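We count ligands from 1, going down the list as the structure has it; atoms in each ligand are counted the same way. Values in this document were obtained by computation on a predicted structure and should not be read as measured data.
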Amino acid sequence: MKTVFLDRDGVINKDNGYVFEIDNFEFIDGVFDSFRYLQRKGYNLIIVTNQSGIGRGRYTLEDFNILNNWMLQEFQKKGVTNIDVFFCPHKPEDNCKCRKPNTGMFEAASLKYKIDNNSSWMIGDKDIDIEAALNFGIKNTILVKSIHKAENSENSAKFVIPSIKTISNYIK
Ligand SMILES: O=P(O)(O)OC[C@@H](O)[C@H]1O[C@@H](OP(=O)(O)O)[C@@H](O)[C@@H](O)[C@@H]1O
Ligand SMILES: [Mg+2]
Ligand SMILES: [Zn+2]
């Protein structure tokens, strides 16, 4: 199955820093049109997001689930239905297998869906997003510019774009 893996904070919503409240979740302009476009092209959409705010005690797993369910309902209302979410709740010092740039979330997704790496993509705003995709064997990578510096990916990503809004120019 051709899949677009997506980072959340900085790609789908503005990365206001450990976002966990609905009121602080600002969808990035154009994200619904872009997701409907990818859906029309037959891509499965899988969000892979580091949520270290849980492990850091900044918010709870329940907080994350409430926000996540609300986000999925918003996508549903806009006609985006084939979307799934995998997250890592750990702190960096937990040395888990799922925090990007590790590939645990991608592997968990590949147990649930038959993913064809060659026709799949990764869209992220940090170096660790692009590194995780490459570590998993996905070569089609797109760096979205955000508040975060991503020097390595500026050179290693297949495309570097200002926002997800223009994704239809790159993923056919
Ligand atoms: O971009 P994704 O993976 O969807 O989620 C990133 C967030 O969990 C947070 O990740 C943190 O990094 P640390 O996890 O503290 O290194 C910071 O960069 C926050 O600004 C950011 O909101
Ligand atoms: Mg991000
Ligand atoms: Zn983890």
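Two residues are said to be in side-chain contact when any heavy atoms from C-beta on lie closer than 4.5 Å; P101 and K126 fail this criterion. Looking at heavy atoms from C-beta onward, I47 lies in side-chain contact with I83 at the 4.5 angstrom threshold. Counting heavy atoms from C-beta on, the side chains of V85 and M71 come closer than 4.5 Å.
Set against the non-hydrogen atoms of H148, the atoms of ligand 1 under 4.0 Å away are 18 (O), 20 (O). Proximity to G17 (heavy-atom distance under 4.0 Å) selects the following atoms of ligand 1: 20 (O), 22 (O). Atoms of ligand 1 found under 4.0 Å from any heavy atom of R8 (numbered from 1 in listed order, with element): 4 (O). Of all the atoms in ligand 1, the ones that sit under 4.0 Å from a non-hydrogen atom of R56 are 13 (P), 15 (O), 16 (O).
The Mg ion (ligand 2) lies closest to atom O when only the N/O/S atoms of D9 are considered. Taking the Mg ion (ligand 2) as reference, D7 places its N/O/S atom OD2 nearest. If you look at D125 and ask which of its N, O or S atoms sits nearest the Mg ion (ligand 2), the answer is OD1.
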>> With side-chain contact (heavy atoms from CB on, under 4.5 Å) as the criterion, how do I171 and K41 come out once you've worked through the C-alpha distance, each side chain's angles and the decisive distance to 0.1 Å?
In response: CA-CA 9 Å; I171 300 183; K41 300 297 277 185; over 6 Å; no
> Passes side-chain contact (heavy atoms from CB on, under 4.5 Å), M105 versus N50? Steps please.
Replying inline: CA-CA 9 Å; M105 289 189 278; N50 285 351; 3.5 Å; yes
> Can you list the steps and then say if N140 with K158 is a side-chain hydrogen bond (donor to acceptor under 3.5 Å, both in side chains)?
Replying inline: CA-CA 6 Å; N140 299 316; K158 198 164 186 176; 2.7 Å; yes
>> Using side-chain contact (heavy atoms from CB on, under 4.5 Å), reason through I12 and F35 one step at a time and then give a plain yes or no.
In response: CA-CA 10 Å; I12 291 174; F35 274 32; 3.8 Å; yes
>> The test is side-chain hydrogen bond (donor to acceptor under 3.5 Å, both in side chains); show your working for Q51 and Y59 and say whether it passes.
In response: CA-CA 10 Å; Q51 290 299 317; Y59 47 89; 2.4 Å; yes
> Taking it one step at a time, do D116 and S119 satisfy side-chain hydrogen bond (donor to acceptor under 3.5 Å, both in side chains)?
Replying inline: CA-CA 6 Å; D116 172 27; S119 60; 2.7 Å; yes
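Aromatic ring pairs are classed by plane angle as parallel below 30°, tilted from 30° to 60° and perpendicular above 60°; the pair F27 and F32 is tilted.
Of the protein's non-hydrogen atoms, Y18 OH, 2.5 Å is the one closest to atom 15 (O) of ligand 1. For atom 1 (O) of ligand 1, the nearest non-hydrogen atom of the protein is D7 OD1, 2.7 Å. The shortest contact between atom 8 (O) of ligand 1 and any protein heavy atom is with N50 O, 2.4 Å. Remark: minimum distance from atom 10 (O) of ligand 1 to any protein heavy atom is reached at K126 NZ, 3.4 Å. Nearest protein heavy-atom contact of atom 4 (O) of ligand 1 is T49 OG1, 2.6 Å. In terms of protein heavy atoms, atom 16 (O) of ligand 1 is closest to R99 NH2, 2.7 Å. Scanning the protein heavy atoms around atom 22 (O) of ligand 1, the nearest turns out to be D15 OD1, 2.7 Å.
Around atom CD of E93, more than 12 heavy atoms belonging to other residues, nucleotides or ligands sit under 6.0 Å away.
Between D129 and ligand 1, not a single N/O pair is under 3.5 Å apart.
The closest approach between a heavy atom of P92 and any atom of ligand 1 is not below 4.0 Å.
The distance cut-off of 2.8 Å around the Zn ion (ligand 3) captures these protein N, O or S atoms, sorted by chain and number: C88 SG, H90 ND1, C96 SG, C98 SG.
Nearest to atom 13 (P) of ligand 1 by heavy atom, out of A132, S52, C88, is S52.
Side-chain atoms of S120 and N117 include no donor-acceptor pair closer than 3.5 Å.
Both F159 and V4 are part of a single hydrophobic cluster, where members link through side-chain heavy atoms under 4.5 Å apart.
Taking the six-membered ring for Trp and the full ring otherwise, the centers of F25 and W70 sit less than 6.0 Å from each other.
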